[in-house]
Every structure is written in C-alpha cells, then in structure tokens.
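Reviewing the structure listed below.
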There are 2 protein chains.
Amino acid sequence: MSTDPVSGRGGAVVTAAAYENCPVTGLLRRIGDKWSPAIIRLLAERSYGFNELDRSIEGISRRMLTRTLRALEEAGFVSRTTSGTPPARVDYSLTELGRSLREQLFALGQWADAHKSGL
Amino acid sequence: MSTDPVSGRGGAVVTAAAYENCPVTGLLRRIGDKWSPAIIRLLAERSYGFNELDRSIEGISRRMLTRTLRALEEAGFVSRTTSGTPPARVDYSLTELGRSLREQLFALGQWADAHKSGL
DNA sequence: CCGTATCCGTAACGATACTG
DNA sequence: CAGTATCGTTACGGATACGG
C-alpha cells in the first residue's frame with residue numbers, strides 16, 4: 001500500500017503529516033518551479049556546461065540556474081562532474097533517475113498536449 | 001509535432017515564448033502549488049462541500065482553499081455547482097478533464113513511490 | 001454554510017556586480 | 001568558464017476578522 005495521500009489510500013482525511021511525506025506532492029513542488037522543466041528537457045539530449053545551459057534557456061539568470069541545478073542534483077535527478085583546472089569545465093547531465101523522470105514528464109506532456117485545458 | 005519544449009522537439013534552445021506556452025510547464029506550475037494535489041485527491045472519490053473540504057485537509061486555510069479551488073476551476077479540472085438558498089450549498093467535483101488528470105497523477109505517484117529520490 | 005477583505009511574513013525570482 | 005554576493009520586487013501562503 002502506498003503512503004501517498006494523492007494515490008488515494010489514506011482514508012477520507014488528508015493529514016498534514018501524510019501530506020508532507022507525500023511523494024507526488026514533493027515531486028510536483030520540486031519540478032513545479034520555473035526552470036526545472038527546461039533544464040531537464042535540455043539535459044535529456046546530452047550533457048551541458050553551465051554557461052552553455054545559460055545561453056540555451058532564454059530568460060534564465062545565472063543565479064536561478066545555479067539554484068535549480070543544485071536542487072535537481074540534491075534530488076538525484078542531475079549529476080555534476082568537474083574536470084580540469086582553470087578555465088574550469090563542469091558537466092551537467094541527467095542521472096538514471098533523471099532520465100526515468102524525464103520519461104514520466106514526457107508522458108505527462110503527451111497528455112497535456114492532447115487535453116489542452118485552460119492554460 | 002508538439003509545441004511543448006519539454007516534449008523535446010523545439011530545437012536546441014528553449015525560447016521564452018515557447019516556454020511560456022509549454023503545456024507541461026503550465027500544468028506543473030498549476031498543480032505544483034501547496035494544496036491542489038490534496039483537493040484533487042479528495043474530489044476523485046466524491047464531491048465535497050466547501051467546509052467539508054476545509055475539514056478534510058488538515059492545515060489548509062479557507063483563503064487558500066478558495067483560491068486553489070478557483071484556480072482549478074479556471075483550468076477546467078474542477079466544477080462548482082451552487083444549490084439552494086441560505087444556508088447555501090456548493091458542490092465541488094472533478095470534471096471529466098480533472099478525472100483524466102487524476103489518472104496521470106496517479107501514474108506519477110506510482111513512479112515516485114517506486115523511485116524514492118532525495119525527498 | 002460559504003465565502004471575502006485585510007494585513008503580514010516568508011520565499012521565489014530577477015538585476016547587477018564581483019570572484020576564482 | 002563557472003559561479004557567488006547583494007539587493008529589490010513580486011508571488012505565495014497564513015492569521016484574523018467580517019459578510020451573504
């Protein structure tokens with residue numbers, strides 16, 4: 001049985017404790033920020049350097065790029081590997097978990113595209 | 001071909017215009033707020049009244065319940081039907097689109113449960 | 001029973017300048 | 001190339017009180 005309130009097996013009341021630990025809610029809040037989808041989408045094809053990502057996502061600031069990458073890394077979706085002395089080269093890529101997540105988002109995208117709602 | 005940047009067919013650069021119109025991003029930001037998942041989860045089983053929802057979701061305020069319901073209604077996921085004179089009775093339930101979304105979230109929940117990441 | 005109005009604190013985000 | 005530091009603005013969310 002799932003511990004997930006959103007999976008619908010927690011009784012008739014959504015308790016605060018169960019909701020905080022809900023995997024779906026946690027996931028949605030993590031990738032529901034402004035830039036995570038764009039980063040995941042790009043890294044799905046190949047690995048990127050920092051400035052390269054910056055240039056590839058119109059409108060993002062380096063500050064938010066750093067913060068979002070760190071968050072995705074902490075969640076286990078993105079891996080960061082350093083290489084070389086100055087000029088430093090850093091490689092960002094999706095982990096196995098990240099690629100798995102990406103497939104889920106792709107499926108969600110198929111659905112969203114088919115069911116254009118009030119967006 | 002999808003217009004969705006996250007679906008991965010928009011070229012090597014994520015433009016601001018394409019990103020704003022991205023169905024996945026829009027969807028994630030809409031249901032990635034604090035209370036939408038809880039509401040959707042409850043309404044998936046049956047329809048609820050306002051105060052009934054309020055009591056069923058521990059920690060939510062009436063203010064946020066109202067705002068979240070309005071947003072979900074505007075997106076087409078929730079329907080709101082009034083009935084009767086004071087004391088007014090209002091029924092909230094999932095639309096067909098909302099039930100469809102719920103299934104997607106359920107699938108996402110299965111995945112999240114199976115791939116416990118750094119939550 | 002079903003909300004709205006107001007106020008306030010926190011967190012997200014953006015702009016800019018600076019560093020190894 | 002790959003970031004950090006600082007500052008200001010805006011969005012999100014909670015508390016409380018009031019009205020239909």
Side-chain angles (χ1 to χ4, degrees), chain A residues 14-16 19-20 22 25-39 42-43 46-75 78-93 119, chain B residues 14-17 19-20 22 25-39 42-43 46-75 78-93:
Chain A
V14 178
T15 65
Y19 202 52
E20 309 253 311
C22 169
T25 304
L27 176 63
L28 288 178
R29 290 192 68 100
R30 228 169 245 267
I31 62 176
D33 62 1
K34 191 164 183 179
W35 301 111
S36 287
I39 294 174
L42 287 172
L43 294 186
R46 58 179 179 88
S47 63
Y48 277 76
F50 184 84
N51 284 334
E52 194 184 8
L53 270 177
D54 191 28
R55 285 190 304 270
S56 302
I57 304 174
E58 190 184 352
I60 197 173
S61 63
R62 287 199 296 277
R63 171 182 149 82
M64 288 316 295
L65 180 55
T66 301
R67 290 174 68 91
T68 309
L69 281 170
R70 295 279 185 275
L72 291 175
E73 192 187 352
E74 190 186 359
V78 163
S79 70
R80 174 184 186 272
T81 58
T82 318
S83 75
T85 45
R89 166 71 186 183
V90 177
D91 247 68
Y92 290 98
S93 57
L119 296 180
Chain B
V14 178
T15 66
Y19 201 52
E20 307 254 311
C22 169
T25 305
L27 177 63
L28 288 177
R29 289 193 68 99
R30 227 168 245 269
I31 63 176
D33 62 0
K34 191 164 183 179
W35 300 111
S36 287
I39 294 174
L42 287 172
L43 295 186
R46 59 179 178 89
S47 64
Y48 277 75
F50 184 85
N51 283 332
E52 194 184 8
L53 271 177
D54 191 28
R55 285 189 304 272
S56 302
I57 303 174
E58 189 185 352
I60 199 174
S61 63
R62 286 198 298 278
R63 169 183 151 82
M64 288 314 296
L65 181 55
T66 302
R67 292 174 64 92
T68 308
L69 281 171
R70 293 283 184 272
L72 291 175
E73 191 186 354
E74 189 186 358
V78 163
S79 70
R80 174 183 185 272
T81 59
T82 318
S83 75
T85 47
R89 166 69 186 185
V90 178
D91 247 68
Y92 290 99
S93 57

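Only this structure's heavy atoms are used, side chains among them; waters, hydrogens and symmetry mates stay out. Chain A is the first sequence line, chain B the second, and so forth, proteins listed ahead of strands; every chain is numbered from 1.
B:Arg80 and B:Arg70 make their closest contact through NE-NH1, 3.5 Å (heavy atoms, listed as atom of the first residue, atom of the second, distance).
Once rounded to the nearest 0.5 Å, the distance linking CD1 of B:Ile39 with CD1 of B:Ile31 reads 12.5 Å.
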Determine all donor-acceptor pairs shorter than 3.5 Å in which one atom belongs to a side chain in residues 61-69 of chain A; sequence neighbours excluded.
residue	atom	partner	partner atom	Å
A:Ser61	OG	A:Met64	N	3.3
A:Thr66	OG1	A:Arg62	O	2.9
A:Thr68	OG1	A:Met64	O	2.7

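In this model, the phosphate group of D:dA2 is not approached by any side-chain N or O of A:Arg70 to a distance below 4.0 Å at OP1 or OP2. Contact annotation: A:Tyr92 does not reach the phosphate of D:dC1 (side-chain N/O to OP1 or OP2, under 4.0 Å).
Every residue meeting the side-chain hydrogen bond (donor to acceptor under 3.5 Å, both in side chains) condition with A:Asp33, not counting sequence neighbours, appears here in chain and number order: A:Ser36. For B:Ser79, the side-chain hydrogen bond (donor to acceptor under 3.5 Å, both in side chains) partners are B:Ser93, not counting sequence neighbours. For A:Glu20, the side-chain contact (heavy atoms from CB on, under 4.5 Å) criterion is met by no residue, not counting sequence neighbours. Shown here are the salt bridge (Lys or Arg N to Asp or Glu O under 4.0 Å) partners of B:Arg89, two or more places apart in sequence or in another chain: B:Asp91. Every salt bridge (Lys or Arg N to Asp or Glu O under 4.0 Å) that A:Glu52 has, sequence neighbours left out, goes to A:Arg46.
Counting only heavy atoms from C-beta outward, the side chains of B:Ile60 and B:Leu53 never approach each other to under 4.5 Å.
Both A:Arg62 and B:Val90 sit near DNA chain C, but only B:Val90 has its closest nucleotide nearer the 5' end. Checking A:Glu52 against B:Ala88, the closest nucleotide of DNA chain D that is more toward the 5' end is the one next to A:Glu52.
Think of the region where chain A sits on DNA chain C: with heavy atoms and a 4.0 Å cut, that region ends 5' and 3' at C:dC13 to C:dC18.
A:Asp54 places its CG atom 11 Å from the P atom of D:dG3, with the value rounded to the nearest Å. In this structure, the CG atom of B:Leu65 is 16 Å from the C1' atom of D:dA15, given to the nearest Å.
Note that the two end axes of the helix from C:dG3-D:dC18 to C:dG20-D:dC1 enclose an angle of 40°, each drawn from 5 base pairs, rounded to 10 degrees.
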Using a 4.0 Å cut-off on protein heavy atoms (strictly under), produce a 5'-to-3' string for nucleotides 7-14 of chain D with B for base contact, S for backbone-only sugar-phosphate contact, and - for none.
-> ------BB

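Proximity of a side-chain donor or acceptor of B:Glu58 to a complementary backbone N or O of A:Ala16 within less than 3.5 Å is detected.
Within 4.0 Å (heavy atoms only), A:Arg89 reaches sugar-phosphate atoms of the nucleic acid but no base atom.
Between B:Phe50 and B:Tyr92, the ring planes lie tilted relative to each other; the angle falls in the 30° to 60° range.
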